Amino acid sequence: MKKLSAIALSLAALCSLAACKGHHKKVIVYAGSDIQVDNTRTNITVGEGGPLHQQDLDFTGSDPVTLNVQAPSGKISLEAAEDGLYVANLKNDTIIGSYQRTGTEAGDSRITQEMLKQKFDSVQKLVRGENVSAANRNFIILPNHIQKISANAAAKVFGPYTTIPSAFDAGQDPEIYKFYSVKELHDVISKMAVMMGTSPAGPGSAPDAGKEKEKK
């Protein structure tokens with residue numbers, strides 16, 4: 001009887017371990033200073049603004065993860081409740097991102113004028129905060145906020161001021177996101193406008209749209 005109990009306990013422990021290994025939360029932290037993380041990887045300290053810094057944090061287990069952040073503006077808490085991939089923005093400015101069609105999913109690598117126009121329209125809508133939703137796989141993340149990007153913790157994210165290499169291999173099942181600072185995205189729009197011989201979007205930016213949402 002004791003042997004059976006011991007076996008049952010061993011099986012329960014193995015099942016519990018397997019279940020734990022099945023959970024994965026990944027948080028990509030962007031900040032404008034060095035990112036200091038303690039041994040628990042949940043207590044974070046950032047300083048004043050400067051060049052972009054990135055820290056990837058991986059967690060296993062089914063429990064929600066709370067990040068306790070000490071920033072120049074004060075203490076904040078950010079939560080990653082479900083499994084998946086998150087982006088935490090600890091920069092002083094808003095970041096904007098969206099799903100990218102690349103690699104095998106993009107098909108022909110040649111860019112036609114029609115494709116350029118579609119991209120141009122899409123980027124202009126994104127910077128104005130139009131049609132932004134998790135369902136559309138595009139995101140506006142305000143300073144000191146966290147956003148779940150995907151249920152797939154292994155998805156790839158290229159942050160602000162980081163280009164997607166032309167030789168990047170997206171693999172058989174690509175899921176790639178690109179994030180920009182607001183200034184960077186306006187620069188992209190201006191360059192595309194020159195290529196198309198048209199005018200970029202007028203005044204207005206995503207942070208304003210985000211602030212309006214917060215007020216409501």
Side-chain angles (χ1 to χ4, degrees), residues 26-32 46 49 51-54 67 69 71 73-74 76-82 84-102 105-106 111 113-152 155-164 174-216:
K26 180 173 184 176
V27 182
I28 300 176
V29 180
Y30 292 119
V46 295
L52 179 73
H53 288 73
Q54 175 180 335
L67 302 180
V69 182
S73 59
I76 59 171
S77 294
L78 306 174
E79 184 178 80
E82 305 170 336
L85 176 67
Y86 295 77
V87 169
N89 180 21
L90 302 183
K91 289 169 52 62
N92 291 330
D93 56 338
T94 298
I95 60 175
I96 304 172
S98 64
Y99 173 76
Q100 303 292 301
R101 295 185 178 276
T102 63
E105 193 178 67
I111 299 178
Q113 281 295 314
E114 181 60 29
M115 291 168 63
L116 183 60
K117 183 180 184 303
Q118 291 177 357
K119 182 69 173 178
F120 180 74
D121 292 342
S122 175
V123 173
Q124 286 207 103
K125 288 180 179 178
L126 184 61
V127 81
R128 291 196 298 260
E130 296 179 10
N131 300 322
V132 172
S133 70
N136 291 332
R137 294 202 284 189
N138 47 39
F139 309 90
I140 293 177
I141 309 179
L142 299 174
N144 298 329
H145 282 66
I146 190 171
Q147 173 70 54
K148 183 177 180 180
I149 304 302
S150 173
N152 177 17
K156 179 69 176 177
V157 174
F158 290 87
Y161 304 103
T162 303
T163 58
I164 301 177
E175 187 176 351
I176 301 164
Y177 299 85
K178 176 70 181 83
F179 277 82
Y180 303 85
S181 70
V182 174
K183 180 183 181 301
E184 184 185 15
L185 198 52
H186 277 296
D187 290 342
V188 170
I189 290 174
S190 296
K191 290 177 182 178
M192 293 177 70
V194 170
M195 294 173 64
M196 296 181 60
T198 186
S199 299
S205 63
D208 295 332
K211 288 177 183 177
E212 288 299 319
K213 289 179 183 177
E214 283 197 323
K215 289 177 183 177
K216 295 177 183 178

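Along the sequence shown, the residues carry numbers beginning at 1. Because the structure is a prediction, the values reported are computed rather than measured.
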query: Does Ile189 reach the side chain of Gln124, with side-chain heavy atoms less than 4.5 Å apart?
result: yes
query: Would Gln100 and Ser98 count as a side chain to side chain donor-acceptor pair (under 3.5 Å) if you check the C-alpha gap in whole Å, the side-chain angles of each, and the deciding distance to 0.1 Å?
result: CA-CA 6 Å; Gln100 303 292 301; Ser98 64; 3.1 Å; yes
- prompt: What is the distance from atom CG of Asp121 to atom CG of Leu126, rounded to the nearest 0.5 Å?
  reply: 12.5 Å
Distance, nearest 0.5 Å, that separates CG of Leu78 from CG of Leu90: 6.5 Å
message: Taking salt bridge (Lys or Arg N to Asp or Glu O under 4.0 Å) as the cut-off, I'd like each qualifying pair that reaches into residues 84-95, sequence neighbours left out, listed once.
response: Lys91-Asp93
message: To check you understand the geometry: which heavy-atom pair defines the closest contact between Ile141 and Gln147, and what is its length?
response: CD1-CB, 3.6 Å
field: From CG (Leu52) to OG1 (Thr162), nearest 0.5 Å
entry: 6.5 Å
- prompt: What residue pairs, at least two apart or across chains, pass salt bridge (Lys or Arg N to Asp or Glu O under 4.0 Å) with a residue in residues 187-196?
  reply: Lys183-Asp187
statement: Exactly one of Ile146, Val27, Ile95 clears side-chain contact (heavy atoms from CB on, under 4.5 Å) with Val87, and that residue is Ile95
message: Going by side chain to side chain donor-acceptor pair (under 3.5 Å), name the residues that satisfy it together with Lys148, two or more places apart in sequence or in a different chain.
response: Glu82
- prompt: Of the non-hydrogen atoms in Asn138 and Val132, which two are nearest, and what is the gap between them?
  reply: OD1-CA, 3.0 Å
field: Separation of Phe179 CZ from Thr94 OG1 (nearest 0.5 Å)
entry: 12.0 Å
query: Can you tell if the side chain of Ile149 reaches within under 4.5 Å of the side chain of Phe139, non-hydrogen atoms only?
result: yes
- prompt: Could you give the distance from OG (Ser190) to CE (Met195), rounded to the nearest 0.5 Å?
  reply: 13.0 Å
field: Contact check, side chains of Lys26 and Tyr86, non-hydrogen atoms, under 4.5 Å
entry: no
task: For the residue pair Tyr180 and Val188, establish whether any side-chain heavy-atom pair is separated by less than 4.5 Å.
output: yes
message: Looking at Glu184, is its backbone amide N or carbonyl O close enough to the side chain of His186 to form a donor-acceptor pair, meaning the two atoms are under 3.5 Å apart?
response: no
- prompt: What's the shortest heavy-atom distance between Val46 and Ala31, and which atoms?
  reply: CG1-CB, 3.9 Å
query: So with a 6.0 Å cut-off around CG of Asn92, is the heavy-atom count from everything else above 12?
result: no
- prompt: Considering all heavy atoms of both residues, which atom of Gly159 and which atom of Tyr30 are nearest to each other, and what is their separation?
  reply: CA-OH, 3.2 Å
query: Nearest heavy-atom pair of Asn152 and Leu85: which atoms, and what distance?
result: O-CB, 3.6 Å
- request: Give the minimum heavy-atom separation between Tyr177 and Ser150, together with the two atoms involved.
  value: OH-CB, 3.9 Å
task: Output the distance between atom CZ (Phe158) and atom CD (Gln54), rounded to the nearest 0.5 Å.
output: 10.5 Å
